[in-house]
Amino acid sequence: ELSDIRTGAMIIYTPNYLPFPIPSTNLYTQLFRDHDKFDPASPAFIKNASRISLTRKEVEDLTLSLAYGVRRVLGLCMTPANTAYAPSGLAHQLKDSGAYYVFVHPTLLPVVVETLAHLGASPAEIKERVVIMALEREAEATTAEVDAGGWIQLEDLLNKGSLGREEPFDSAQAEETVTLCYSSGTTGLSKGVMTTHRNFNSQILATCISFPPVHAKRDAVIGVLPFYHIYGLAMLVLFPFSVGVPLVICPRFDLALFCSGIQKYKITAALVVPPMMLALINSPAPLTYDLSSLRIIMSGGAPLAKALGINLDKRLQSMGAKADIIQGYGLTKTSPGVTMLRAEQAMSKMGSVGELAPNMVARLVDDDGVDVKPGQPGELWRVLEQPYGDGERHHTHGWFETGDIAERDDDGCFMIVDRKKELIKYKAFQVPPADLEAVLLMHPEVGDVGVIGIESEDRTTELPRSQKGYVEAYSRMFLRVCNAYIVPKSGYASLPTQKEREKFALEIQKWIEGKVARHKYLRGGVVVIEAIPKSAAGTTLRRQLRDLAKEE
Ligand code: AYL
């Protein structure tokens with residue numbers, strides 16, 4: 001497994017799991033492979049705290065009638081958009097992806113209409129491009145704007161005649177892109193990541209092997225993660241359905257509703273991000289619910305500090321509950337899972353993201369692309385053992401550079417210790433600094449700008465004093481907020497006093513709020529400076545900005 005590092009050869013780490021062949025089928029075939037083994041009347045998706053649910057049979061019928069309905073008019077690639085987007089964010093994705101049709105829930109229709117109008121679509125064209133997507137039984141299925149009329153409804157697209165069950169899906173589709181999730185790279189604006197049918201087939205099967213075993217009759221999953229993000233899409237929409245396990249959906253994170261959902265549906269597996277675990281530890285709300293059905297809590301999408309996991313374990317035990325708290329690590333660009341912690345290692349390896357998933361091969365390298373000695377931190381590069389279709393731009397001789405710094409222990413478990421790339425994660429939401437910079441540069445008084453992520457202080461001060469030691473350890477890891485350094489267009493000298501600079505900074509901080517999604521707000525503040533540090537090539541030296549932030 002290890003080659004001699006003195007020769008400068010690669011040190012390649014392989015999984016402890018046997019490789020498996022990735023099926024070259026349409027994703028539909030993979031998702032419904034075992035469908036006939038499960039009760040068609042059993043629930044597949046349940047909306048928490050409502051009476052809305054879909055049985056497996058209803059999912060099958062809807063999927064097929066929509067697929068055959070849209071196939072007549074559309075292609076089959078979907079780009080899911082962040083529901084928190086302001087029109088500027090949505091406009092970028094619409095333009096960049098070249099999407100024509102927009103499927104939208106009635107409550108978000110105004111944002112879509114404004115975005116399309118902003119992109120130059122006429123009112124008639126807007127009516128042609130928008131599809132109102134809601135089930136009839138949903139309470140909010142209609143709004144005044146929808147009633148005002150003339151919109152294409154989801155129902156209109158369903159091909160209810162032949163469901164096409166007899167028509168085989170073509171395996172040539174396996175290498176076609178099925179989704180374009182928007183994600184930021186190591187630098188720059190967010191881009192659509194091409195995920196193919198085969199990529200998802202691989203993810204589903206790898207999860208079946210590396211996730212603790214779940215069974216159709218015994219288990220139920222709850223999730224709050226949005227379906228436009230690859231974590232929600234892969235781990236909530238696709239994985240549970242493919243193994244016959246119902247999913248309870250929480251449209252937003254409300255801790256009391258989340259806990260009542262666990263109690264009501266006897267949830268065995270909860271999929272979360274670290275800030276939700278923090279809420280589970282610190283709020284009194286969970287104490288009034290019975291969470292004893294839980295067996296597995298999986299965290300992913302952002303670093304989970306060891307202390308946070310240990311505190312959650314303690315709290316659950318104090319409530320008579322016990323779950324294995326595991327962590328998965330992945331990226332949109334790796335479709336997505338790279339590692340997963342085994343349930344048996346939940347306590348002994350808390351804080352670790354676990355072993356490589358099947359078919360994943362990794363290296364840890366230094367800044368010069370040289371493999372580091374075993375046990376040393378290095379940037380994680382990974383490659384799939386079989387041909388794979390993800391972002392070409394990021395391949396170096398077939399190796400995909402994650403931008404994350406990791407260490408590997410003797411048991412083959414990885415620990416993510418730092419991030420090399422520019423990406424800021426507010427909670428588990430991506431904020432590409434270049435995105436915010438592009439918006440800020442549209443302000444008439446902004447001359448130049450550099451955005452970085454800094455540690456948040458407000459959240460830590462809200463926590464109980466007895467937890468302070470822990471808080472410091474994990475706040476550093478994930479309570480990041482966005483902070484902008486700005487050079488006024490009229491020059492730094494035009495704002496000679498501290499007071500004037502602060503006033504300008506506040507104006508900018510408020511101004512951005514109408515322009516971007518909430519997770520991109522400049523919660524870390526705005527600082528007026530003389531010049532943004534740049535490299536000879538003109539790129540922003542964010543490392544220097546981060547040093548400035550440390551001095552403040
Ligand atoms: P994106 N620990 C530390 N950092 C993490 C972790 C983790 N467990 N998971 C993700 N990240 C960071 O594209 C890391 O910096 O995909 C990584 O490069 O939104 C970046 O988030 C990627 O962000 C699964 C399925 C994890 C999904 C996911 C989340 C994918 C997030 C495991 O099995």
Side-chain angles (χ1 to χ4, degrees), residues 80 82 179-187 190-193 195 199-200 202-212 221 223 225-240 269 271-275 277 296-306 308-309 325-342 349-358 360 362 377 379-382 390-391 394 400-407 413-432 453 474 476-478 480 519:
N82 190 328
T179 63
L180 282 173
C181 282
Y182 268 62
S183 150
S184 80
T186 38
T187 59
S190 62
K191 291 218 163 55
V193 176
T195 306
N199 289 160
F200 278 126
S202 155
Q203 166 69 18
I204 291 170
L205 290 174
T207 306
C208 289
I209 296 168
S210 58
F211 194 78
V221 176
L225 313 160
F227 297 165
Y228 57 77
H229 186 268
I230 195 97
Y231 185 9
L233 188 56
M235 296 300 292
L236 296 179
V237 183
L238 303 181
F239 170 63
L271 269 54
V272 300
V273 290
M277 299 185 50
I296 306 155
I297 297 178
M298 174 188 163
S299 170
L304 170 70
K306 184 174 174 177
L308 191 49
I325 300 166
I326 59 170
Q327 203 182 167
Y329 159 79
L331 298 84
T332 310
K333 292 206 182 73
T334 54
S335 314
V338 176
T339 69
M340 184 86 79
L341 188 65
R342 290 176 197 259
K349 302 271 183 190
M350 187 76 82
S352 158
V353 294
E355 294 168 24
L356 289 168
M360 292 287 168
E379 184 183 358
L380 197 152
W381 288 10
R382 87 80 254 205
D390 58 10
H394 294 270
F400 170 79
E401 302 167 22
T402 64
D404 295 307
I405 309 290
E407 280 170 19
C413 284
F414 288 80
M415 181 83 89
I416 307 295
V417 292
D418 201 357
R419 194 176 292 153
K420 187 176 168 186
K421 59 191 168 190
E422 293 181 350
L423 177 69
I424 301 166
K425 282 217 147 180
Y426 173 68
K427 298 185 176 172
F429 288 112
Q430 292 200 356
V431 185
Y474 56 71
R476 215 180 49 242
M477 301 293 285
F478 70 85
R480 290 277 166 100
H519 61 277

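As the structure lists them, so they are numbered: ligands from 1, and atoms in each ligand from 1.
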Open item on the list: Just checking F211 against F239, ring centres under 6.0 Å apart?
Closed with: yes
N or O contact, [X] vs ligand 1, cut-off under 3.5 Å:
X	value
I230	no
Y231	no
K425	yes

Main-chain N/O of [Y] paired with [X] side-chain donor or acceptor, under 3.5 Å:
X	Y	answer
K425	G301	yes
T334	G330	no
E379	G403	yes
Y329	P303	no

Taking only heavy atoms of [X], which atoms of ligand 1 are found under 4.0 Å from at least one of them?
X	answer
R419	12 (C), 15 (O)
K421	15 (O), 17 (C), 18 (O)
Q430	1 (P), 13 (O), 19 (O), 23 (O)
Q327	2 (N), 7 (C), 8 (N)
T332	1 (P), 13 (O), 16 (O), 19 (O)

Open item on the list: Minimum distance, heavy atoms only, to atom 25 (C) of ligand 1: which one of G403, P336, P274 is it?
Closed with: P336
TODO: Check each of D404, T402, T207 against atom 15 (O) of ligand 1 and report the one with the nearest heavy atom.
DONE: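 Among D404, T402, T207, the closest heavy atom to atom 15 (O) of ligand 1 comes from D404.
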Would you mind telling me if ligand 1 is within reach of the side chain of [X], the backbone, both or neither, using heavy atoms under 4.0 Å?
X	value
K333	neither
A234	neither
V353	side chain

Open item on the list: Can you tell me which residue among Q430, H229, H519 is in a side chain to side chain contact (heavy atoms under 4.5 Å, CB included) with N82?
Closed with: H519
- [ ] Could you list the residues that satisfy side-chain hydrogen bond (donor to acceptor under 3.5 Å, both in side chains) with Q327, not counting sequence neighbours?
- [x] none
Task: Qualifying residues under salt bridge (Lys or Arg N to Asp or Glu O under 4.0 Å), relative to K306, sequence neighbours excluded - done: none
Open item on the list: Show, in sequence, the C-alpha distance, side-chain angles and deciding distance for I230 and F200, and conclude whether the side-chain contact (heavy atoms from CB on, under 4.5 Å) test is met.
Closed with: CA-CA 10 Å; I230 195 97; F200 278 126; 4.0 Å; yes
